[in-house]
Number of protein chains: 2
Amino acid sequence: MIDRWDVTALALLAQAPLFSGQDTAVLHAAIPLAQPRSYERGTFIFHEGDPATIFYILQTGRVRLTQLTAEGQQVIIRYLSPGEGLGIIVALSDTTYPVTAETVADTQLLGWYKEDIKQLMLQYPSLALSGLNLIARRFVGLQAQFRELATERVEQRVARTLLRLVRQAGRRTDTGVLIDMPLSRQDLAEMTGTTLYTVSRILSKWEQAGLIQTSREQVIICQSHEIVVIAEDLPKRDA
Amino acid sequence: MIDRWDVTALALLAQAPLFSGQDTAVLHAAIPLAQPRSYERGTFIFHEGDPATIFYILQTGRVRLTQLTAEGQQVIIRYLSPGEGLGIIVALSDTTYPVTAETVADTQLLGWYKEDIKQLMLQYPSLALSGLNLIARRFVGLQAQFRELATERVEQRVARTLLRLVRQAGRRTDTGVLIDMPLSRQDLAEMTGTTLYTVSRILSKWEQAGLIQTSREQVIICQSHEIVVIAEDLPKRDA
DNA sequence: CGCGTTCTTGACTAGAATCAATGCATGTGG
DNA sequence: CCACATGCATTGATTCTAGTCAAGAACGCG
């Protein structure tokens with residue numbers, strides 16, 4: 001029996017990378033097991049170290065993944081956009097969540113208990129392969145970020161991070177591309193492994209040069225090609 | 001028909017994380033498809049950017065995974081020990097190898113064409129789950145390394161890296177624990193995102209303090225607890 | 001024994017962290 | 001509506017970590 005909620009959920013699931021390309025039988029098996037959840041902006045879905053029991057797919061909203069160091073310093077691992085999976089990494093292993101997940105906008109999720117998702121994957125191996133594929137992609141992405149952090153200077157990293165965020169949450173405005181989420185200097189610092197002071201200086205410099213526009217927790221990229229030049233450390237053409 | 005080679009391979013496979021805990025049926029299905037390979041020390045198994053066609057499991061020896069930056073700077077992602085998988089990340093996706101794999105000791109591998117391993121996983125879903133689990137673990141490890149790189153100072157990172165290497169390739173000697181592989185200052189620098197000069201200075205300091213012994217491409221940890229103190233940035237107890 | 005690598009050390013520099021003071025919004029409550 | 005508290009951002013002064021460059025020493029190999 002398929003009710004209206006199911007139809008909506010089905011359409012959304014079919015979009016999510018994990019389920020896209022899967023047989024509809026998989027979707028129909030998955031939907032009855034799904035737990036819909038809603039969180040307001042600024043609430044925690046789970047904390048680093050909590051036993052991992054549920055795997056989520058983000059329907060709407062935006063989620064930030066962070067880790068804490070032993071000294072209490074925070075690092076932002078990444079932001080998630082609708083369709084992306086959350087906790088897929090550990091839903092299959094018997095460990096704890098390695099990151100903290102916090103909403104930065106009102107957010108709706110679909111959750112599955114790890115036993116259920118495991119069962120689904122055993123029943124539909126193609127779903128397991130899809131999951132493998134998904135993590136593989138994320139893994140490669142994380143490796144790239146690692147390499148950047150190891151070899152590039154702060155300014156390059158900030159530029160690259162802005163470009164990544166544009167791809168993820170960019171929205172065209174009349175003056176440029178707005179990164180459509182609250183984004184403080186501190187956030188950028190935690191993403192690039194630096195301090196909020198350094199980020200502030202860099203952004204000020206870029207704003208002076210007309211590359212970006214900033215205001216409180218907000219960045220608009222005006223000359224993205226110039227930001228690319230900085231990110232890639234290309235020789236800048238003179239006037 | 002099981003010949004002697006098969007028996008040996010079976011025993012080895014049963015040890016490898018990907019196959020451990022799997023039904024023997026899986027092993028028996030996997031073995032006939034395996035391509036045994038041997039490489040001398042210092043040869044390349046594949047290069048970053050090559051189309052990913054084969055997935056390997058390391059039987060003996062040691063392999064180094066590296067990435068190159070656009071500027072030609074090299075970063076060492078990690079070293080692999082026997083039993084670990086190589087290219088598992090991409091064997092399932094239709095991409096290219098994201099890293100270069102180079103042997104640092106004479107090495108024997110078992111390889112599977114990605115179509116074969118995919119087929120196996122579809123046939124034995126538990127194998128896919130095992131693979132998922134494996135990548136998940138690596139992923140969490142990489143996240144931790146990322147966080148270290150983002151927040152810790154060079155000295156801490158070098159300490160941590162040495163401890164990791166000890167766990168992976170440590171061999172007790174009369175003066176301490178030897179990291180049993182060729183390991184230049186340059187290598188350590190590429191692992192920690194610094195320069196060989198800085199590494200050299202740090203190791204010299206530690207050697208003076210009696211924490212380690214070094215020689216060309218070799219490190220012996222004598223006082224591992226003191227290295228831990230540095231890695232964890234604990235307050236050092238005075239005399 | 002000479003050659004190429006690897007390693008060490010010193011001098012210098014630059015990039016970025018730290019500390020401190022202040023400005024600027026935004027939202028709150030009297 | 002204004003005074004105030006709070007959180008975010010800017011900027012300058014200073015310090016220091018680590019990178020860069022250069023010269024030479026030590027080691028291992030053919």
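We name chains A, B, ... by the order of the sequence lines, and we start the count at 1 in each one.
The side-chain heavy atoms of A:Thr100 and A:Leu65, taken from C-beta on, include no pair separated by under 4.5 Å.
Heavy atoms only, all atoms of each residue included: A:Lys114 and A:Ala52 are closest at NZ-O, 3.5 Å.
To the nearest angstrom, P of C:dT8 lies 11 Å from CG of B:Leu188. Taking atom CG on A:Leu183 and atom C1' on D:dA9, their separation rounds to 13 Å, with Å as the unit. Atoms NZ (A:Lys205) and C1' (D:dA9) sit 18 Å apart, rounded to a whole Å. Counting to the nearest Å, the P atom of D:dA9 and the CD1 atom of A:Ile212 are 12 Å from each other. Separating the CD atom of B:Glu207 from the P atom of C:dT8 is a distance of 7 Å, rounded to the nearest angstrom. What separates CD of A:Glu71 from P of C:dT18 is a distance of 12 Å, to the nearest Å. Counting to the nearest Å, the C1' atom of D:dT10 and the CD1 atom of A:Ile202 are 14 Å from each other. Rounded to whole Å, the distance from CD on A:Gln186 to C1' on C:dA17 is 13 Å.
If you check every strand for non-hydrogen atoms under 4.0 Å, B:Arg185 touches sugar and phosphate atoms only. Within the 4.0 angstrom heavy-atom criterion, only backbone atoms of the sugar-phosphate kind lie near B:Ser184; the bases stay farther away. Residue-level contact check: A:Glu155 touches neither bases nor backbone, having no heavy atom under 4.0 Å from any strand. If you check every strand for non-hydrogen atoms under 4.0 Å, B:Arg153 touches sugar and phosphate atoms only.
Side-chain N or O atoms of A:Gln156 include one that pairs as donor or acceptor with a backbone N or O of A:Ala231 at under 3.5 Å. Panel note: side chain A:Ser38, backbone A:Gln108; no donor-acceptor pair is recorded below 3.5 Å.
The shortest distance between the side-chain N/O atoms of A:Thr194 and the OP1/OP2 oxygens of C:dA17 is below 4.0 Å. Distances shown here put every side-chain N or O of A:Thr198 at or beyond 4.0 Å from the OP1 or OP2 atom of C:dA16. The side chain of B:Ser200 contributes no N or O atom lying less than 4.0 Å from OP1 or OP2 of C:dC7. Between A:Thr195 and C:dA16, a side-chain N or O to OP1/OP2 separation shorter than 4.0 Å is absent.
Judged by atom type and distance alone, A:Arg201 reaches the base of D:dG12 through a side-chain donor-acceptor pair under 3.5 Å.
Nearest-nucleotide positions on DNA chain C place A:Gly193 closer to the 5' end than the other of A:Gly193 and A:Arg216.
With distances taken from any side-chain atom of A:Leu196 to the nucleotides C:dT6, D:dT10, D:dG19, the minimum falls on D:dT10. Residue B:Val154 has its side chain nearest to D:dA18 when only C:dA17, D:dA18, D:dT10 are considered. For B:Thr214, the side-chain atoms get nearest to C:dT8 when compared with the rest of C:dT8, D:dT10, C:dA17.
A side-chain N or O of B:Gln168 and one of B:Ser81 form a donor-acceptor pair less than 3.5 Å apart. With hydrogens and angles left out, the side-chain atoms of A:Glu155 and A:Trp206 include a donor and acceptor closer than 3.5 Å.
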